[in-house]
Structures are given as C-alpha cells and as structure tokens.
Amino acid sequence: MAFALTPEREQQVDDILTRYPERRAALLPVLWLCQRQNGWISPEVVKYVAERLELSTAIIQGVVTFYTMFFDEPVGENVVWVCRTLSCDLRGGKSIQEHLEKKLGCTAGHTSSDGKFTLLKAECLAACGQAPMVQINDYYYENLNVEQLDRIIDAHATKGGDAAATEFSTFASFAAPRGSGAGPVTSAPPPPSKEAVRLASQPPPAGDGKGEES
Amino acid sequence: MSGPIKPLLTSRYGIEEGWKLANAERAGAYEVARQALTSRKPAELREEVKKANIRGRGGAGFPAGVKWGFLNRQEGEEIYLVINADESEPGTFKDRSIMDLDPHRLIEGAIISCFAIDAHTTYIYVRGELAFSVQRLERAIAEAREAGYLGERPFGIDHAIDVHVHSGAGAYICGEETALLNSLEGRRGEPRLKPPFPAVKGAFGMPTIVNNVETVASVPDIVQMGGEAWSALGQLPGDGGVRLYGVSGHVKNPGLFEAPVGITMRELIDDYAGGMLGDRPLKAVIPGGSSTPVLDPRRKVDAPLEEHPLHKWHGQSEIDVPMGVDTYRALGTMLGTCCAIVMDDTVNMVEASRNLMRFYKHESCGQCTPCREGTGWLVDVLDNLCSGRGKPEDVDLLVNISNNMMGNTICAFADGTAMPMLGMVQKFREEFMDAAMNGVPDGVRHDDSTRSIVEGGA
C-alpha cells in the first residue's frame, strides 16, 4: 500500500523545504514527520520520501539505518529507552532495566506480547544529573525508582502516552537557588496545558499518528 | 569555595514560565540584542567576544572569538551560524537546561552573533531525543518572530535574521561539527576530512561558524558587561567568565550549577554537589564528559619546576587544581564539557571502563577502520577481563589498541575513546591486573551505593 502524508503534514513539508538552500536537507525532518504518522520507516515510506525529495531510495535507506531513532521495523505503541550509560548505571540504571524486563515480560530489544511497549537500551540521553532515567516516546522520566516507574508504565498502558507524559514526564527545571546564586537544576513535570499552535516537530497528541497509513 | 556570584546564564531559570517571551522580557530578555543591533557595529561585537576569552563550551575549549575570526567570506558566499545542541557526551546535561528553561537567551545570543558575523540564518541542531526541548525552542522562535526580533528587519534594522531548529535522530557523532553539518544537509552523520574547516567551507559549502549552545547563550552577557569585565569573572588567565558545571554519579546533590571558571573539582563535589553520597570515599572522577581522562584524588600534581603551568599546585591532589581548559590540559586530562561523573569506592574501574567503551563501540560511525575496529576490540578485551577469561597481557593490549587508534582517524572520536581508556589503565593499573588474574567478582555493580534508593522496599 502506498504511503502518503496527511494534507496537514504535506503543508509542513512545504514549510520545511523553505528553510534550507538544498532540498536534500529536508530529509531528516521529513523522515521524522513520516515516522510520527506511520510509527516506523517502512519501505513504502522510503519510496514516498524518495519521490517527494527527489532522492534515490538507497540514499534514504543509508540515512535511516545510520540513526538509531529511525525504526526500520515496526515497534510497539510505546517505545521505552532505558539509559544504561555510566552516570545512570551509577544510580541504578541496571535495576531500572531489570525491573522493566520483568514488568513488560520482554528483554531489551524486544516488544511486549501485547504490542504496547518496545524496550530498548539507550546510550547517554543527556540527563545525567537526574539519573536514573528513561525516555518513553518523546518524553523524559527522571530521578526514577521502581515505584515511580511502575506508575509511569501503568499510566502509559491504561491512559495512553500523551496523558502519561502530561502527568509524569520531566524537563530540565530549576530547584531552590543557592546562596551563591549557583543553583542546582533538577527535574519538574512539564506544565499540563498544551498550546493550540502545532509545530512541525511537535509530538502528536494521543490517538494521532499511528494507523493513519492509507 | 568561591564567593557568591550573581547568576548570569541561569538568572532566568527560576522565573515562572520563563520560557515564554513576556516573562523572559520582563526579566530583560532581548534588551542587549536591541541595543547591539541598533547602536553597535558588528566589528565591535566581535571584539567584545574576543576580549571575553570565552573558551568554547562544547568540549574542545577553542576560543570562540578566535573561531569567529577565521571567517573569510568570498564573493557570493553566505555565512551560516550553526548552534550545536547535540549534547550527547556521557555525563553532560547542561545545554538542555538552557533550551528548556530559557530558550530566549539562546535566540538572543543567536541574533547578536548573526549580526556580529554577518550571517542571516541560524540552524540549531538539537539531538533527536530532546523532542521537548525542540518544542520549547520552536515556540520561542515563533514568539520572537511575531515580536519582530527575527525576520526581515529585526529591531527595525536592515539585516534579516532567522533561526531554524533541525532535529537529529540519535547519533553521538553528530556532535562532531562536520558530522553535524552532514546531518544538517540530510546525510549520514559521518565526519568530514579537515581542512577545509567549517569557517571556510561548512554548511551547504558556505563559510559556517559552529558554536555550542552555552557559548552562544553567553553572548548577551558578554556584550552587556563588555568582554573584559565578563572575562574577569573567571579566575584563570585566558579562560574567562562563568559557565555551567554539572555533577552526576555518587554525590548527595547531583545537578547543574553556575560558577566562575576556575573553581576546583573538590569545591564542585563538596560545596556545590553536597559531598559524597553516604559520605563514602571518592575513588575517581571523570571531569568533563566521558572522553576526558579520569582524575584520581590520591594522585598529586608533579610540577616541581617553576615554569610548569601547574607549579602553584605542586604536591596537591589532582582535584585541587582549578578547572580550566589550559590547567586541565596541563594535568593530562581535558575540561571537556565541565560535567563531572563522580564515583565512590564501590565502583570497579574495569567495569566502569567497559560501560564507557560499549558506548563508544555503539556510537562509532564506522567510517575509519582504527575506530570502528578498535572500539570493538576494546570492548571484547574488557569483556574478557570482567568475565575472568582475561590474561595479564590483555592490560597492555588495551594500551596497544588505544595507541593505534589515536591520531589515525578523520575526527577526534577515536582520540576521545583512546584517551580515557589509557587514563584508566594508567591510573588504576593494579585493578586491571587484578581483573586479568581473577576476573571481576560476580555481582559487582556500579550502583551498589544507590541501589537501595532505586529499588526502594522492593
């Protein structure tokens, strides 16, 4: 079945093309749009992008396989990346992975039998001061312990990724300033309200994105 | 510790919803850009940045003002500013805070920088994982455009400036500036052979300045205070200003702190990060991201000669040397991104090395043989050592492989793998020899100090 972007996303591609002096530079942003809609970069997606950007499918395949975040096979509804690089491992990254494997019933690199979660090991996700942490879909969940992790996974399973992100996800945030003015940055949940304006790279709300392939 | 400082880079972090234009503007955002674009000359601004002695905050520590000076536009060429927000070096988590909490500072820095180097377009290359930061930046850019600070006539002057966010897709190597440019152009993120350097032939074949997020975010303060005054905030010659320090690992209060250039690692751990977790002894600290060779607090600075740059600290612990680009280079390590990974005495350094070398094996782009094969070999040898299948010669094999990687590749990735590997073996050789004889005991984990916190009652 041929792949096509939604008209709204087609509009975004036109906008993206204006940002660069060369058409090819739109490749990563356009692949992102496709993956957000389709869930993964299927051969049909590659073909579509090749035509849209006037590139060979070999070039696109080469790019897709270079970057870890482009999936060249289908993944679960939620993709859980557990950081296992040193800073996280010093604070319990291994325990987090072990707990996830037990809870989801699959080892890292695989998808749970209900298709809801794909568990993947990640290399450093740049949240070392808030270790241990995981990334689920587009969001970070930091300063984890297993109880908090259970709540986060359960929320994804029952309420969906977007609602879970609103409730539990974290962004870099500022704690009480020190006397010296140098303050520690810890993590805080993002604000619940989401603005109405949609941007090209903005993750789609729950329910959008998957299964729209025509 | 150093005296109190007025927060600069983090001054708007505490403001409620400080990422929104109205809130940031109430706290002074865009005042410097307005003043700079309407009443200063680009050459003056470049001079301020040069006088500021700001060493690039992305890890290499190259003076940003000097880098700007390499631009030499030929007729018909357009200059690009590219901001490197591909923060991926293990241990490093500072740039994300600027993008999440004060994106307008970065945009203001980009506006002033564009004006100063005569660029019209900025691309901010953000690592793909930071989708939330990308949203924050894109909203902030939309607000700045709406307000007339970006676009055809920013602040009413005749110098169009626009900023675009370009999202990566998961590749550490894209933090290397020429790999980043390839990725920006829609290619695989493989580093380019240099020269030509980006300042001569960069994005889309045009002269390009690639600066780190924190470097660009410091520009408004530099212009406002004047380069010399900003430089004087730092405590070391030729290495000016304030910067973000990160601490992760076995400390009571891991996180990010703003402080002048030149505090010591001991101050950073004890005074800023609250000291060691559980008051356990400090065993080792990786000072500025995983590519910087480890520091061992037991080791003393050996600089008996007066002309040695570290003579002042002769006989003191390595962690009592002020943290600066040049001081740390003299110490045989690098300041890197200034984000430290702290390890207590429960950590086995062979295991820690194995963890980091797995990272490099995973992230090597594969273009150059010494790096692609060398990173894999290092992991294989370390796997053998850890599992008890090692031999004493394996320790020298680690050194041998590392030496054959250094300097034999297109980019600095192989050096960034080999240097910390060599540092580990040099400083903790007895532990590697022990592993070669006995393996690493089953069940040795990095997180022994923290497991009870993570696993709770479970």
Side-chain angles (χ1 to χ4, degrees), chain A residues 19 21-22 24-29 31-32 62-63 66-70 85-87 89-96 123-132 135 138-140 144-147 171-175 177 179-186 190-191 195 197 199-203, chain B residues 4-7 10 13-14 87-88 90-93 96-97 100-101 128-129 131-132 134-135 138 164-165 167 169-172 183-186 188-189 204 246-250 253-259 272 290 341 343 352 355-356 359 362-363 445-447 450-451 453-456 458:
Chain A
R19 297 178 199 170
E22 291 174 8
R24 179 173 179 163
L27 181 51
L28 265 67
L31 283 171
W32 271 120
V63 167
F66 185 87
Y67 297 94
T68 53
M69 297 188 80
F70 290 137
T85 311
L86 191 57
S87 293
D89 257 27
L90 293 171
R91 307 284 295 197
K94 189 173 182 180
S95 298
I96 294 295
E123 293 296 351
C124 191
L125 294 173
C128 316
Q130 296 84 247
Q135 176 179 4
D138 279 324
Y139 294 96
Y140 279 22
L144 293 174
N145 55 41
V146 294
E147 289 84 7
F171 65 93
S173 162
F174 195 66
S180 66
V185 173
T186 57
E195 267 130 286
V197 193
L199 300 154
S201 59
Q202 188 180 343
Chain B
I5 61 148
K6 189 171 148 276
T10 60
Y13 278 20
E87 179 166 73
S88 316
T92 307
F93 54 99
R96 174 178 172 228
S97 73
D100 282 10
L101 299 175
E129 290 85 347
F132 183 83
V134 168
Q135 281 181 53
E138 288 196 330
H164 303 294
V165 179
S167 184
Y172 165 73
S183 186
L184 175 68
E185 293 178 9
R188 292 161 67 89
F204 310 108
V247 189
S248 63
H250 293 150
N253 179 23
L256 209 50
F257 312 94
E258 179 176 355
Y272 288 84
S290 61
I341 306 174
M343 293 174 274
N355 182 297
L356 291 178
F359 169 85
H362 185 265
E363 298 296 339
R445 298 173 58 125
H446 302 303
D447 59 346
T450 56
R451 254 163 110 180
I453 306 171
V454 177
E455 297 185 343

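In what follows, chains carry the letters A, B, and so on, assigned in the order in which the sequence lines appear, proteins first and then strands, with residues in each chain numbered from 1. Computed over heavy atoms, backbone and side chain alike; hydrogens, waters and symmetry mates excluded.
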Heavy-atom check, side chain of B/Gln135 versus side chain of A/Asp138, under 4.5 Å: no
- prompt: Which atoms of A/Ala127 come close to chain B, meaning under 4.5 Å heavy atom to heavy atom: side chain ones, backbone ones, both, or neither?
  reply: both
task: Could you look at B/Arg188 and say if it's the side chain, the backbone, both or neither that has a heavy atom under 4.5 Å from chain A?
output: both
message: As a quick check of understanding, evaluate side chain to side chain contact (heavy atoms under 4.5 Å, CB included) for B/Ser183 and A/Leu28, giving each step before the final call.
response: CA-CA 8 Å; B/Ser183 186; A/Leu28 265 67; 3.5 Å; yes
message: Quick check against the 3.5 Å criterion: does A/Thr68 have a side-chain atom that pairs as donor or acceptor with the backbone of B/Gly170?
response: yes
message: Is B/Asn355 close to chain A through its backbone or its side chain, or both, or neither, when contacts mean heavy atoms under 4.5 Å?
response: side chain
- request: Indicate whether the side chain of A/Ser95 and that of B/Arg445 have a donor and an acceptor atom separated by less than 3.5 Å.
  value: yes
message: On a heavy-atom basis, which atom in B/Ala169 and which in A/Tyr67 lie closest, and how many Å separate them?
response: O-CB, 3.2 Å
Contacting moiety of B/His362, where chain A heavy atoms sit under 4.5 Å: side chain
message: Strictly distance-based, threshold 3.5 Å: is any side-chain N or O of A/Asp89 a donor or acceptor partner for the main-chain N or O of B/His446?
response: no
- prompt: If every non-hydrogen atom of A/Asn145 is compared with every non-hydrogen atom of B/Ile453, which pair is closest and at what distance?
  reply: CB-O, 3.7 Å
field: Closest non-hydrogen atom pair between A/Gly129 and B/Ser248, with its separation
entry: N-CB, 4.1 Å
query: Atom CZ of B/Arg96 and atom CG of A/Leu125: how far apart are they, to the nearest 0.5 Å?
result: 9.5 Å
message: For a quick test of reading the model, state the closest non-hydrogen atom pair linking B/Phe93 to A/Cys128 and the distance between them.
response: CD2-CB, 3.6 Å
field: Over all atoms of both residues, closest heavy-atom pair of B/Gly249 and A/Arg91
entry: O-NH1, 2.7 Å
- prompt: Between B/Thr450 and A/Leu90, which heavy-atom pair has the shortest distance, and what is it?
  reply: OG1-O, 2.8 Å
query: Quick one: of A/Leu31, A/Ile96, A/Leu86, who has the most non-hydrogen atom pairs under 4.5 Å with chain B?
result: A/Leu86
task: Please tell me if the side chains of A/Pro132 and B/Val454 come closer than 4.5 Å, counting only heavy atoms from C-beta onward.
output: yes
- prompt: Hey, what do you get for CD (A/Glu123) to CD (B/Glu363), rounding to the nearest 0.5 Å?
  reply: 6.0 Å
task: Answer whether the closest heavy-atom distance between the side chains of B/Glu185 and A/Arg24 falls below 4.5 Å.
output: no
- request: Mind ranking B/Gly246, B/Ser290, B/Gly189, B/Ser88 by heavy-atom pairs under 4.5 Å with chain A and telling me who comes out on top?
  value: B/Gly189
- prompt: Is chain A contacted by the side chain of B/Leu184, its backbone, both, or neither, given a heavy-atom distance below 4.5 Å?
  reply: both
- prompt: With B/Glu87, which residues qualify under salt bridge (charged side-chain N to carboxylate O under 4.0 Å, His left out), at least two apart?
  reply: none
